[in-house]
Amino acid sequence: SGYVDPCRTDICTMPNSTKLQRYLQIIERVQQRTSFAELHEYMSSRGFELSPRTLQRDIEQIREDLGVEVAYDREENTYQIVSKTKGTAVLSQLMERAQLIKLFQDQTTVKELPAQLELEGSLKGLSHMPQILRSIREHKEVVLTTRTGKKGKVKEYSIHPVSIREYQSRWFVLGIATQNGRPVSYGLDKVILVVLKSATITAEEVGEVRKRFAQIVGVDATTAKVEKVKVRFVSEVANELRLRPWHHSQREGKRKGDHVTFHWKLRPNKDLIERIIQYGADAQVMEPRSFVKQIRKQLKLAQKQYRK
């Protein structure tokens, strides 16, 4: 398949961060078919002066270290990623974020950056990632201590993490509640302590919960059944959806006048409702009927807030 589960690939422990930067640049270039000479020139333009031998070795090691297979076409004398999977997409996103680190090298003074950059979201809680990623690899239980609310109420939750997801400029750990086996999610920005435990779960249990989370938008672990959700948008919104799909099941339907219909096969949840409602009159849920009723109910509740 050309992709290895990232939970089995501990990128964080790679001995050379410069090597990782090279790998990511190579992956970016070979998204499209490219010759060895073009790739070598591209790497040089990015500040990596490599010998042909070193570049060839990097291409071969990318499969071993990152789980991404770069295929060589002898007839065309070109290289290209075998298939664009979720794994390569995640690596590309990580590479985009890694460019921020380069700013600290390019700027003569870090003091200038706050006045020049505007960032959304928070990186708070990311210090807990190494422990959580370890628990995911080893299928082990963790105890999360969280602090929430204005009074800073502290609570503990025992879960078996299965993945980490970024959503709406926040990072969440997704997993199985130890007490009742239900899918749960917690914002890492609320976590103040992570304690790794010895209790484990099976790979089959992990796979089942990951499948559940793959069937939703966002992080709300709904118990709703999987359905085909059909929504009609104005053309301006349709362009946004094409650029940034809401879910991997997204499909575009026929255009009718100034409107375009999109549909998804997923579990309708609170996060999906919020996304649709934010577009107001520019979005209309067509089906299923039960979901139309949920949207209508939320809009009526919102309308009450503005009645005199």
Side-chain angles (χ1 to χ4, degrees), residues 1-102 105 126 129-140 161-166 171 173-174 200 202-204 206-211 213-214 245 248-249:
S1 62
Y3 170 59
V4 174
D5 187 343
C7 297
R8 295 174 57 191
T9 307
D10 193 354
I11 297 175
C12 298
T13 61
M14 289 182 65
N16 191 331
S17 61
T18 301
K19 181 186 292 185
L20 176 58
Q21 292 177 39
R22 296 203 310 263
Y23 287 178
L24 294 177
Q25 291 293 338
I26 291 171
I27 290 171
E28 173 67 15
R29 186 65 183 87
V30 296
Q31 297 284 338
Q32 305 296 327
R33 195 179 300 275
T34 182
S35 68
F36 188 87
E38 290 171 336
L39 180 58
H40 191 270
E41 182 179 351
Y42 174 83
M43 294 300 288
S44 295
S45 70
R46 292 298 186 272
F48 296 101
E49 298 294 342
L50 307 176
S51 68
R53 183 176 180 181
T54 298
L55 180 56
Q56 184 64 52
R57 184 167 58 245
D58 281 355
I59 294 172
E60 295 170 356
Q61 283 298 120
I62 282 175
R63 179 178 184 180
E64 296 297 322
D65 293 343
L66 301 185
V68 177
E69 185 174 350
V70 180
Y72 174 63
D73 187 325
R74 291 184 179 277
E75 292 184 5
E76 298 289 336
N77 191 29
T78 56
Y79 293 86
Q80 187 175 18
I81 288 179
V82 172
S83 61
K84 295 181 181 180
T85 64
K86 177 183 177 182
T88 57
V90 169
L91 287 171
S92 294
Q93 291 177 35
L94 286 174
M95 184 178 62
E96 291 174 2
R97 287 157 173 76
Q99 301 307 309
L100 288 174
I101 299 175
K102 195 173 185 297
Q105 301 170 344
L126 294 190
M129 269 198 181
Q131 270 191 298
I132 294 174
L133 289 173
R134 178 185 171 187
S135 71
I136 293 173
R137 289 194 302 274
E138 300 177 1
H139 298 170
K140 287 188 175 180
V162 298
S163 64
I164 294 175
R165 177 176 294 182
E166 184 184 17
W171 291 89
V173 54
L174 314 180
T200 62
T202 65
E204 289 74 19
V206 170
E208 184 61 31
V209 175
R210 283 184 181 168
K211 180 180 178 181
F213 278 111
H248 61 80
S249 67

Residue list, ring-ring contact (aromatic ring centres under 6.0 Å, His included) with Tyr42, at least two apart or on another chain: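 Listed in chain order: nothing, the list is empty.
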Atom pair [atom1] ([X]) and [atom2] ([Y]), whose distance is rounded to the nearest 0.5 Å:
| X | Y | atom1 | atom2 | result |
| --- | --- | --- | --- | --- |
| Ile59 | Gln56 | CD1 | CD | 5.0 Å |
| Ile26 | Gln61 | CD1 | CD | 11.0 Å |
| Phe48 | Leu55 | CZ | CG | 11.5 Å |
| Asn77 | Glu38 | CG | CD | 9.5 Å |
| Glu69 | Glu64 | CD | CD | 10.0 Å |
| Thr54 | Lys19 | OG1 | NZ | 10.0 Å |

pair [X]-[Y]: side-chain heavy atoms closer than 4.5 Å:
| X | Y | result |
| --- | --- | --- |
| Glu41 | Thr34 | no |
| Gln131 | Arg134 | no |
| Arg63 | Val70 | no |

Does the side-chain contact (heavy atoms from CB on, under 4.5 Å) test come out yes or no for Gln25 and Asp58, once each step is laid out? CA-CA 11 Å; Gln25 291 293 338; Asp58 281 355; over 6 Å; no
Non-hydrogen atoms of [X] and [Y] that approach each other most closely:
| X | Y | result |
| --- | --- | --- |
| Arg22 | Met43 | O-CE, 3.7 Å |
| Ile62 | Val68 | CG2-O, 3.3 Å |
| Ile132 | Ser135 | O-OG, 2.6 Å |
| His40 | Ser51 | NE2-C, 4.3 Å |
| Ala214 | Arg165 | N-NH2, 4.2 Å |
| Ile164 | Met129 | CG2-CE, 3.7 Å |

Examine the side chains of Asp73 and Tyr79 and answer whether a donor and an acceptor come within less than 3.5 Å of each other.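 Not at all, the side chains of Asp73 and Tyr79 share no donor-acceptor pair under 3.5 Å.
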The criterion is salt bridge (charged side-chain N to carboxylate O under 4.0 Å, His left out); which residues satisfy it with Glu208, sequence neighbours excluded?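 If we apply the salt bridge (charged side-chain N to carboxylate O under 4.0 Å, His left out) test to Glu208, skipping adjacent residues, there are no hits.
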Glu138, CD: over 12 other non-hydrogen atoms inside 6.0 angstrom: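 Yes, the 6.0 Å shell around CD holds more than 12 heavy atoms from other groups.
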